[in-house]
Amino acid sequence: MASNHEYSKVESDVLIIGAGGAGLRAAIEASENKKSVVIVSKSILGKAHTVMAEGGMAASLGNVDKQDSWKVHFADTYIEGVYINNWKMVEIFSKEAADRVYELERFGALFDRTADGKILQRAFGAHTYRRLCHVGDKTGLELIRTLEDKVLHTDTRILDEVVVTKIVTEDGKVKGAIGFSMREGRFYVFQCKALIIATGGLGRLFKVTSNSWESTGDGLAIAFRAGAELRDMEMVQFHPTGMVWPPSVRGLLVTEGVRGEGGILLNKEGERFMLRYSPKKKELDARDVVARCIYREITEGRGTEHGAVYLDITHKGYKFIMDKLPSMYNQFKDFAGVDISKEKMEVAPTVHYHMGGIKVEPETEATNVSGLFAAGEAACGLHGANRLGGNSLTDLLVFGRRAGLGASHYSDSARMGTIDEKEINDEIERIEAFTSKKNPTNPYELIEQLRQAMSSKVGIVRNEKDLNDALAVINQIKGKLDKIGVAGGVRFNPGLIACLELQNMIQNAELLVRAAIERKESRGAHTRSDYPGTNDEFLKNIVFRLENGQIKMNMEPVMKPPKELQEILLEGEKTNA
Amino acid sequence: MHEVVLRIKRSEPSVSAETRFDEFKVPVEEGMVVLDAVHYVEQNIDPTLGVRWNCKAARCGSCAAEINGRPKLMCKTRVESMGDKITIEPMRAFPVVKDLVTDVSHNFEIARKIPPFTPKKDTPTPFLMQQSDILRSKEFRTCIECFLCQDVCHVIREHNSDYVGPKHVVKIASLDMHPLDGIDRSNFMHSDGGLGYCDITKCCQETCPEDIKITDNAIIPEKERIVDHVYDPLGRLIHRIRGSRWQ
Amino acid sequence: MFKTERKQGWFPEFTELNWRFWSFVILLIMSLGALTWFPVTGTFEGYTDPFYSPTLLVIPLIAAFRLSCYAYRKDYYRHVFKHPQACATGIREGKNGETRGYSGEKGFFALNNYHRYFLYVGIAILPFFYYDFGVSLFYEPGYFVLRLGSILLIVNALLLTLWTISCHAFRHVFVRGQLDCFSCSLGGKTMKKLYDGQSFLNRYHEQFAFISLIIVVGVDLYIRALMVGLPVDFTFLKFAI
Amino acid sequence: MSENAARYRYPLFFVGSFLMLIMAFFLHFGVEVQELYIEIIVLVGFVLFVMSMVVGLGSKE
C-alpha cells in the first residue's frame, strides 16, 4: 500500500553519512571505483567539525627527523593507547600515513615547507620525532577544503543538512536509511548496497566540550540500533587546555601548540605545578597526564575563582606569539578580551575526542552488520585508551579511503534491496509524532540535565558512586523521553532535531557510563579514583551489542601483536620511559 | 543584570509570504555573543526558531546574518557592542529557507564549475615548493565560506548578473597562485566568471571576518590576468616574442 | 550564475538624474577652464606648475590614469554613480521588481581595463617633476635658494612616485605579480623581495592616491596665489655658489 | 577623526579648492572686490583644503 506520506527516494551503490574528512575521503575513493555515491550530512558541506582541527597530521615522512619510520610511529601510537588498540589498524595506519599526506598534497593542499621545499613537520606531545605536517594552525580547514573541492568535481550527489534517523536492515544486511532534509522539510528514503558511517565524535554529551553542534554521536546510536557492535565507549579524551571564561566560550580549545611553543602552567599561587607532577616532560607530557594534574590542582582548591589554572606565554613576547600562534591570539582577543602577550590565559580540561565507537575490521572497515562500514572518529580501534595529538586527521584519510574501498568491493557483489512502505511509514510517523504532542516538555531541558550530569559525574577522574548517580539520571531522563515534543513543522526546526538527538545522546551516554563502571581500573583517558592502577586483567575491550532490544556486554580480550612488532614495542618503551 | 531586546525576522517563504519581527527579552551575561542570545531564545522561549550554527568559535562560518543591518558572524559579535536593541535578519543575497537560515547551496553549484587544481604534467612528486611562494595562496585558504562577502557584494545583492561572487574569485585566486598550478583560469573568469561586473567597491574586503584582502590580493590580480589575455595586445605581442612571460 | 528573480531596468548611469554626477562634471569643466583661460606656462619665479609640466596636452592621459586607478574606482562608483550607495544597503526596487541598470565594467567602464597603458604614461611623466624641483633651486643665477615652493614641488614629486609605484597594475606588470612561482623562475629571489616591498606599498595605495591628488592641486593653487601676489612664499636657505 | 568623517574628504577638497579657484578668477579678471574679502575666502578655502587632507588620511573609508 502506498504510504500516505510524501517522501523522495534516492538510490546509490554507496551511501555515506557524515561529510567530515573521513566521509569525503571515502566518497572520493568510492567514486574513483566507478560507484554511484550519495553523501549525506547534518551540517552544510565543508563545515564539519574537522575544520576546527589545528595541530596537524602525524605521518612518518622523516622530512625533518630522518631517522623517523613507520615503526616508531607504530610504537608511539600503540604505547599511548595503553595496549588496547587494534594492533593491525595501528600497523596499517602508520604504514599508509605518509602516502595519504602526499596524496592530499597532490589533491592541492598547501602544507608549510622546510627550507629545502619539503613538507615541514613539527613536534607534538608524546611523539618521539617531529611528525606533524601542518598548515599554520588551520590544518583541518585545509584538509576539508581540499577534499570538498575534489568531491565537488566527481558526480557524487551531495545532500547536506539532512538528518538520518534510522538504518534499515534485513536479516543482517544493510538495505538503506531513512531521514529528512532540514532545508526542504521533506522526508528522504535512501536505498543502497553499502553504507559508511563517518559522523564523528560525541563531545556534545558533555557540558564543557570543544566539539561543535553536530557531534552528538548520532552515527553510533543509529548503527547500534541496526545491530552494530560498539567498543571502548568509556574512552573519552579530555584535552588539558580549554578556555574557561567568559561562560559563552567555555570549553573552546586552546591548541597544544601553546605549550609546544613554551607556555607554562601555573596555579593560583603562581607555582609551576607540572614540575612537581612530571619533572622530565613538564607541560609536554601526554594529554591525559596533564589533564589529570590540572584537574587535581583545581579540585584541591589551588585553581582560580573561575575554576581554572593559568597558562602563561607572555615571556615569549608579542612578535613570537603573532608569528607562531596568530589564531590563539585573535581567539582570546575576540572572545575573552584577553591579550595573551601581556596577560595569563585561564584554562581547564575540556572533552575533546572519543576513542571509542563502532568496532570495525582493520583492512576493510566493515562492521559485524554486512554492508555497514565506519571510518574516522565514529570508528574504533586505532587509538585504544588515549589518542596521540595529530593522529586523528591522518586517521580520517587512511581509514576514510579504506572504508570507501571496502564499501566499493562489497557493493560489487551485493544486491540492491528495497525498503517496504510499512517501515517507511512507521519511521515518518515516529518523527512527526514529536510535532503533534499536547503541552510537550522542552527537549533542551532534558539535554541540559544530561550534559550537566555527564560533565560533573563522568569527568576526568571517575568513581563508582558518581557513575551510578549518572546512570540514575540517565534512566530518569529515559523515562521522560516519550513526553518530549516541539511545535512547528519539519523544516529547519531545531527543537525537532533536539528531540531526535536526545534519543541518540541518551543511548550513547548509557553505554559510556556502563562501560566506565565495568572497567574497574585506570587506563589512558579513563581514570578511576577507586581503582588508581592499571591491571592486566583488564587488557580487554568492552563491547556492546543490541540483541532483540536487550543491551549485551562482553569483554573481548585484546589480540596480541605478532613477534616482530613486539620487538618494536619493547624498543619503543625503552626510549619512551 | 540588564536585558537586551532581540528583534528577529521570522519568515518561512515556502509556507506563507508573511514576514514579521518577533521581539524577545534576553538577560545578558558577561562576554555574551549574539549567538548565545539567540540560543537562549531557542532553548527557553521558542524552540522552532530556525538558526544555523555549528562551532561557535568563528571557525565554520555557519552563523552568518545581518545584525543591525551589517552582515556579521553571530558567534563573533559581542552583545554589548550592539546596543540594547539588536535586529537580526537573514542574509539578503540568498533565498530564505526559514527565519535566519538562508539557502547557500547555489554556491556549491558554482564551485563545481571552477577548474580544479591541475599540476603541470611532469611535476615530480612529492612536490617541492618554497615557503615564500605559498604565502599568497595561503592567505586565501583561511576562508571559512561564511558567504558574508557574497551577501554584501552589491552586484549579487541587487542585480541580476552572471558574476560568480568574491568568495569564488578568492577560491580561483588560491588555485591560480598555487606555485605548481599548471592551468590559467582567467578565461574562465572572463567568460563564465563575469568578473567584469565587479567594480572594485571593496565592500567584500571590509566585511571579511578572516581579514582576507579579497579585493587587493585576489580580485584585482585576477582582473589583471584577464587584461593579460584580453585587453593588452602589446603584452601579448611581447609574450609571443619572449615566450616566457606566462610560463 | 546568480540569476535572481529581479528584473533589470536598463537605463545607463549617465542619463539618470544624479546631482552628484552632474556636480562632478561641472567642477571638472570649471577646473579645465581655469587651466586653459589663465595658464601658468613656463616658470614663475622658478616654479613650474605640475599641470603644465611637460605640456597641458598630457592632462587627459593623466586624468585617465587617475580615473582608472583601482583606488579611485571605489570612490566614484560609490559617491558619484551610487553603485552601491553604501555596503549592505537595502535593495532599491522599481515598480515591478526591477532594479537600476548596471553594466559594471563591461560597458563604458571597460576602458578601466587599459589602466596599465595609462600607467606607462604616468611613469614617463615622473622625471619632469624632479627636473622642475631642480630648476626651482637654481632659478636665481649664481645662487642656491631653498624656498617653501621648492619643498612643495619635491613633496609633490615624491608622492606622485609613491602613488605610481604602489599601483596594482605596476605590481602585476613590473614586479611580475602574474608569476605563480617566484623561486622557479630565474632571479626569483630578488624579484620576490621587490614584490613583497611593492605589496607593502600597495597596501597604502589608497592613501597615496588621495594625498597625491590633493598635493598636486595644492601646488597649482600655491603657484597661482604667488602669481596673484599673495605673500605665501618663504625662503629657508640661500647662499651663493 | 571618527570613521564616518572620512566620507567628507572629497566634498571638503572640492569646496576648498573651488573657493580658492573662484578668488583666482576674480583677481585675474579684475573684478572689483574688497581686498579683505578675497583674503578671507582664500583662507576659508585653504582651511577646508587642509581639513580634507587630515580627514582623508585619518582613516580608510
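A note on names: the letters A, B, ... follow the listed sequences, proteins ahead of strands, and every chain is numbered from 1.
- In the model, C/H172 has a side-chain atom that pairs as donor or acceptor with a side-chain atom of B/D228 under 3.5 Å.
- Looking at C/N113, its side chain never comes within 3.5 Å of a backbone N or O of B/V227 through a donor-acceptor pair.
- With a 4.5 angstrom heavy-atom cutoff, C/Y114 touches chain B only via side-chain atoms.
- In this structure, B/K120 NZ and C/C181 SG are separated by 7.0 Å, a value rounded to the nearest 0.5 Å.
- In this structure, C/R73 and B/D199 have side chains that are not in contact, with every pair of non-hydrogen atoms separated by 4.5 Å or more.
- For C/K192, the part lying under 4.5 angstrom from a heavy atom of chain B is the side chain only.
- When each of C/S183, C/A169, C/P84 is checked for heavy-atom pairs under 4.5 Å with chain B, C/P84 comes out on top.
- For a heavy-atom cut-off of 4.5 Å, chain B lies close to no residue in residues 60-68 of chain C.
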Stepwise side-chain contact (heavy atoms from CB on, under 4.5 Å) test for C/E105 and B/Y197: CA-CA 6 Å; C/E105 294 198 337; B/Y197 283 106; over 6 Å; no
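- Of all heavy-atom pairs between C/T89 and B/E158, the closest is OG1-OE2, 3.4 Å.
- When all heavy atoms are compared, the tightest approach of B/G235 to C/Y117 is N-OH, 4.3 Å.
- Remark: B/R225 engages C/D180 in a salt bridge, criterion side-chain N to carboxylate O under 4.0 Å.
- Atom-to-atom distance recorded for B/K213:NZ and C/S199:OG is 12.5 Å, nearest 0.5 angstrom.
- A cation-pi arrangement, defined by a distance under 6.0 Å to the six-membered ring centre and an angle within 45 degrees of its axis, is present between B/R136 and C/Y195.
- B/Q150 touches chain C through its side chain: at least one heavy atom from C-beta onward sits under 4.5 Å away, while N, CA, C and O do not.
- At a 4.5 Å heavy-atom cutoff, the contact between B/C198 and chain C is made by backbone atoms alone.
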Step by step, work out the salt bridge (Lys or Arg N to Asp or Glu O under 4.0 Å) result for B/E224 and C/R171. CA-CA 10 Å; B/E224 288 298 321; C/R171 171 165 77 160; over 6 Å; no
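- Crowding of B/R10 atom CZ: a count of heavy atoms from other residues, nucleotides or ligands under 6.0 Å exceeding 12.
- Once rounded to the nearest 0.5 Å, the distance linking NE2 of B/H190 with NZ of C/K106 reads 5.5 Å.
- In terms of heavy-atom pairs under 4.5 Å with chain C, the best-connected choice from B/N217, B/L128, B/D151 is B/N217.
- In terms of non-hydrogen atom pairs under 4.5 Å with chain C, the most contact-rich of B/P221, B/S132, B/P71 is B/S132.
- Checked for salt-bridge contact, C/R116 and B/D232 meet the test: a charged N lies under 4.0 Å from a carboxylate O.
- Atom CG of C/L179 and atom CE of B/M177 lie 11.0 Å apart (nearest 0.5 Å).
- Atoms OG1 and CZ, on B/T201 and C/R78 in that order, are 5.5 Å from each other to the nearest 0.5 Å.
- The environment of CG in C/L186 is sparse: at most 12 heavy-atom neighbours from other residues, nucleotides or ligands sit within 6.0 Å.
- Side chain of C/Y102 to main chain of B/H154: no donor-acceptor pair is present (N/O by atom type, distance under 3.5 Å, no hydrogens or angles).
- We find the NE2-CG distance between C/H168 and B/D216 to be 4.0 Å, quoted to the nearest 0.5 Å.
- When the shell of 6.0 Å around OH of C/Y131 is examined, it contains 12 or fewer heavy atoms from other residues, nucleotides or ligands.
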